[in-house]
Amino acid sequence: MTMFLQSAFYVAAVIAIISTAMAITRTVAVHALLYLVVSLLAIGVVFYAMGAPLLAALEVIIYAGAIVVLFLFVVMMLNLGGEARQSERQWLSGKSWVGPIILSAILLAEVIYLIVRAQPAGGIGAMVGPREVGLALYGPYLIGVELASMLLLGAVVGASHLGRSAPGRTGAGT
Amino acid sequence: MTEVPLAYGLILGGILFALGLAGLLMRRNLLFILISIEIMLNGAGVAFVAAGSRWGQPDGQIMFLFILAAAAAEVSVGLALLLRFYRQRHTLDANRANEMRG
Amino acid sequence: MLGLLWLIPAIPFASALALAVLRFPRKVVAWIAVSSIAASSIISLLVTFSFLHAPPAGNAYTEVLWTWMRVGDFRPEIAFYLDPLSLIMVVVVAFVSFLIHLYSTEFMAGDDGYSRFFAYMNLFVASMLTLLLANNLLLLYLGWEGVGLCSYLLIGFWYRDPENGLAGRKAFIVTRVGDTAMLIGLFLLFHDLGTLNIQELMQRAPQHWHLGAGAAVAAGLLLLGGAVGKSAQLPLQTWLPDAMAGPTPVSALIHAATMVTAGVYLIARTHVLYSLAPPAQFAVAVVGAATLLIAGFSALTQWDLKRVLAYSTISQIGYMFLALGVGAWPAAILHFMTHAFFKALLFLAAGVVIQALHEEHNIFRMGGLRKKLPVAFWTFLIAGCSLAGLPLITAGAFSKDWILWGAASAANGSMGFWIVALIGILLTSLYTFRMIFLVFFGEMHSEVTKKPGMAMLIPCIVLAFLSIAGGYVKTPFAHFLETALPWNAAAAGAVHISEIGSETVAGLVFLLGLVLAYVLFLRSRSYAASLTDNAAGAALHRFWFSDWGMDWLYDRLLVRPYAWAARIDKGDLIDGFYSGIAELNVLAWRVLGLTESGRLRWYAAGIAAGSIIYIAVVLFL
């Protein structure tokens, strides 16, 4: 692992953490999504630095591309205005964030303690290219792939069913 | 020593997961809850990839691929539900979806 | 031919099972139920002929089917024992059951529970026959409880009226008191003699126990307790009048002709034991004598036709107990037989009357029915005369005079018992003709709405014939029973009256009762009314009417203290513990129910907190 990749890991990790923190605290959905894109891109860099170029590409294409665009579509369809921003701010104000922060902080502390106590030896950065991944994916993990395809099929059917506007039951349609 | 220690990769995953959890618990807007879930999935994925990279094996990356598939399925169904919910209630407040209580 | 013995209880049992499990149309139900009992009675007749034609060795026949269970030395068998005593009982029970089943096919025709009724009835007959044929006391006890169960089920047959259910429960609980005593008696017998096989018991008892031994007296008294419960004798007679809540054929079959005489059979079966224990046998006689008087007086005051008959049944079984107690064994069995005929007939004829008058039970609202229901009238009259003991003609007279003679002349007899039995005859005659005069003579009070059909009349006519002819077999009967149940005569010179003299007096007393009843209840009601007009007469009437205050006494003495104790005991420590567990669960439910808020984020926080606690446990413990 070159020095370059190593420093890329640290920088990208810091960016990912900061942008994630920003993403979850925004009051406007589009802002949050933009920070999320930054976070995902940074994670893509992290993947590349850890020697997983295939995943770096997929992270950018599928997460930052497809999934976030899906979110954006929904935001567009909902067309939330200033009212939504007001209520978001109202919901985030007060003490409502104290409990969640404490809870996740404890969990994080426990996880870090677990990791540190185990003292995992060795470093990361060994290159595992798309070839090995592809061979393993269609070799020992074939059943997993089939299951994933079933899951995606189910998701498609479910989403199309749920997304269809039921006549007579909905008020303001899209 | 030119390599990043494994622990750092895992801790990065943990931090992302904890942030996602905090967002999930903090927000009342269903859209933000879904975003938070994406973040948590990513955090778990980072940990998988780091561990796989440590051993130079593709298994960690394959797990992330499965997570990706699960995330795609989850987000499509989740957003469809969200749209339906908004059409009926004209709000995204998760606390209004509390009819299934004991 | 004797090998067919096992079929006698088996066929009704199979038919009961079929009727209980499968569904048939009504016609088929009736056909199955009646034909199974008919088959049983035909087989019992075949067995009788074979038994008479070629008596088996020792005049008794045992058929072992299989060993029931094997626990150390305790090895009761499913085995049937046939000797003259059980033979007579079986033939009478099977035949009377057949007639009553035939009667029921029409009597119950309109009832919803047709199949259920016949399933219970068949099960009853199977249990009763098992009871009679059992060669050991355990199998007998099985039949004993079986008939008790069927009695309970059939008293509460019309369960939609809670009163009937209560009557069934009362019958079950009161007889259970006696059954418990009997069970302890069985334990005692097994403990001391090491077997429950009746014949072995009867052989071992005289070897083990000397005359009047304490254990023998205790065993005799305990068995007497069971007999008293089942046969509705003093002090456990209170259930039988209430048992009339059941359908009339049930009253005829179970609560008159067969089940209630199971106690008589039990004592007769174990008569060797009672011969060894004179105090127990004396107790039998006293119980019988007291019951026949008390029930006789109660019968005089009842207005419900079936209750009059119920008290009359109690009183007649009292006669049988008296006969057993004084040692006139065959007389008790002969009276069982004639009583089965005429009392079943009385109930069946009463059923005709009650149904004809649209469920009217009050004898004061009947009257003048002798023209409208001639067959019922004549058969009821014949049965009534047999019950009251019309001399020379009717069967009841033969058996009752025999008991009367036994009360004076048998081993334990005395003039005291003789006089009690004589008063009983007066009472019987009085209440019987009161009933007949009130129901069939005088003026009409109710309209006849339903004429009985052939299926109801034929059994009445057959039983009427038997109620007359049943007595003529007295001499061969005694001879036949000789080996199983010898007459236990007193020493010559101890008897102060001749048999003819006793019978003559009995005949005169019967006439006296008849005339008294005529004067009081037919000639002019005002005489009867004047008896209860004054305070003392009215109080006595009330006292007798309420069965000598027995129900009241038991209620105050047993039921209420028991209910009180149960109420007090309800909140004790152990109950508190268990209800505490229940309370705790309810509380936990309330608390956990609060967490089911329906809020998504609340659940997510729950999952997170759970993970935190889990990891902490793994980490730090």
Side-chain angles (χ1 to χ4, degrees), chain A residues 1 3 6 9 13 16-17 20-21 23-24 29 32 36 43 46-47 50-52 54-55 58 62 67 70-71 74 77-78 88 91 96-97 99-101 103-104 107-108 111-112 115-116 120 122-126 128 132-133 136-137 141 144 148 151-152 155 158-159 162-163 170-173, chain B residues 2-12 14-23 25-29 31-32 34-36 38-39 42 46 49-50 52-54 56-59 61-62 64-66 68-77 79-84 86-88 90 92:
Chain A
M1 194 189 234
M3 260 323 256
Q6 210 175 337
F9 174 86
I17 290 168
T20 305
I24 59 170
L36 181 63
I43 290 169
V46 168
F47 283 162
M50 290 194 297
L54 175 68
L55 289 196
L58 285 178
I62 296 181
I67 291 179
L70 206 58
F71 272 103
V74 170
M77 284 164 81
L78 296 179
E88 278 301 319
W91 289 342
S96 71
W97 49 273
I101 296 286
L103 216 54
S104 25
L107 187 63
L108 181 63
V111 168
I112 292 174
I115 294 166
V116 170
I124 47 180
V128 181
E132 286 94 330
V133 175
L137 195 59
Y141 286 102
L151 178 69
L152 288 169
L162 286 169
T170 55
Chain B
T2 55
E3 285 181 322
V4 179
L6 172 60
Y8 287 9
L10 295 177
I11 287 169
L12 174 62
I15 290 171
L16 288 175
F17 187 86
L19 282 172
L21 179 64
L25 298 181
M26 243 162 35
R27 309 304 294 249
R28 279 169 72 174
N29 190 324
L31 193 69
F32 286 90
L34 284 175
I35 292 172
S36 302
E38 294 307 310
I39 294 167
N42 255 299
V46 168
V49 176
S53 173
R54 157 70 181 79
Q57 295 292 325
D59 305 68
Q61 297 192 30
I62 286 168
F64 186 76
L65 283 176
F66 289 150
L68 204 61
E74 175 260 326
V75 92
S76 61
V77 175
L79 286 174
L81 279 171
L82 181 140
L83 278 177
R84 185 135 206 168
Y86 186 75
R87 273 190 221 142
Q88 282 185 4
H90 301 285
L92 288 175

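The figures here come from the full heavy-atom set of this structure, side chains too, leaving out hydrogens, waters and symmetry mates. Nothing here was measured: the structure is a model prediction, and the numbers come from that model. Here is the naming used below: chain letters follow the sequence lines, and residue numbers restart at 1 for every chain.
- Using a 4.5 Å heavy-atom threshold, the side chains of B/F32 and B/L92 count as separate.
- Within the 4.5 Å cutoff, side-chain heavy atoms of A/F71 are placed close to those of B/E38.
- Your options are A/L55, A/V111, A/L137, and the one with the most heavy-atom pairs under 4.5 Å with chain B is A/L55.
- Annotation: maximal heavy-atom pairing with chain A below 4.5 Å, among B/A71, B/S53, B/G20, occurs at B/S53.
- Of the residues considered (A/V74, A/V116, A/V46), A/V74 shows the highest number of contacts with chain B, using heavy-atom pairs under 4.5 Å.
- The candidate from B/A70, B/A69, B/P58 with the greatest count of non-hydrogen atom pairs under 4.5 Å with chain A is B/P58.
- The contact between B/I11 and chain A is made by backbone and side chain atoms together, counting heavy-atom distances below 4.5 Å.
- Heavy atoms of A/L36 lying under 4.5 Å from chain B belong exclusively to its side chain.
- Separation of atoms CD1 (A/I112) and CD1 (B/I15) is listed at 5.5 Å; rounding is to 0.5 Å.
- A/W97 contributes atom CH2, which lies 12.0 Å from atom CD1 of A/I24 (distance to the nearest 0.5 angstrom).
- Residues B/V46 and A/F47 meet the side-chain proximity criterion, which asks for heavy atoms closer than 4.5 Å.
- The six-membered or imidazole ring of A/F9 lies away from that of B/Y8, with a centre-to-centre distance of 6.0 Å or more.
- Counting heavy-atom pairs closer than 4.5 Å to chain A, the top residue among B/Q61, B/M26, B/Q57 is B/Q61.
- Heavy-atom pairs under 4.5 Å with chain A were tallied for B/N42, B/L10, B/L16, B/L34; the largest tally goes to B/N42.
- Taking chain B as the reference chain and counting heavy-atom pairs below 4.5 Å, the highest number among A/I101, A/L152, A/L107, A/L103 is found for A/L152.
- The choice from B/V77, B/N29, B/L81 that makes the most heavy-atom pairs within less than 4.5 Å of chain A is B/N29.
- In this structure, the separation between CG on A/L54 and CG on B/L65 is 6.5 Å, given to the nearest 0.5 Å.
- A/I17 touches chain B through backbone and side chain together, each having a heavy atom under 4.5 Å away.
- With respect to chain B, the highest number of heavy-atom pairs below 4.5 Å among A/A21, A/G99, A/G144 belongs to A/G144.
- Taking chain A as the reference chain and counting heavy-atom pairs below 4.5 Å, the highest number among B/V75, B/L6, B/D59, B/I62 is found for B/I62.
- Using a 4.5 Å cut-off between heavy atoms, B/R28 contacts chain A through both its backbone and its side chain.
- Inter-residue side-chain proximity for A/L78 and B/L82 is flagged as met; some heavy-atom pair is nearer than 4.5 Å.
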Are B/L21 and B/I39 close enough, and set up right, to give a side chain to side chain contact (heavy atoms under 4.5 Å, CB included), and what steps lead you there?
-> CA-CA 8 Å; B/L21 179 64; B/I39 294 167; over 6 Å; no

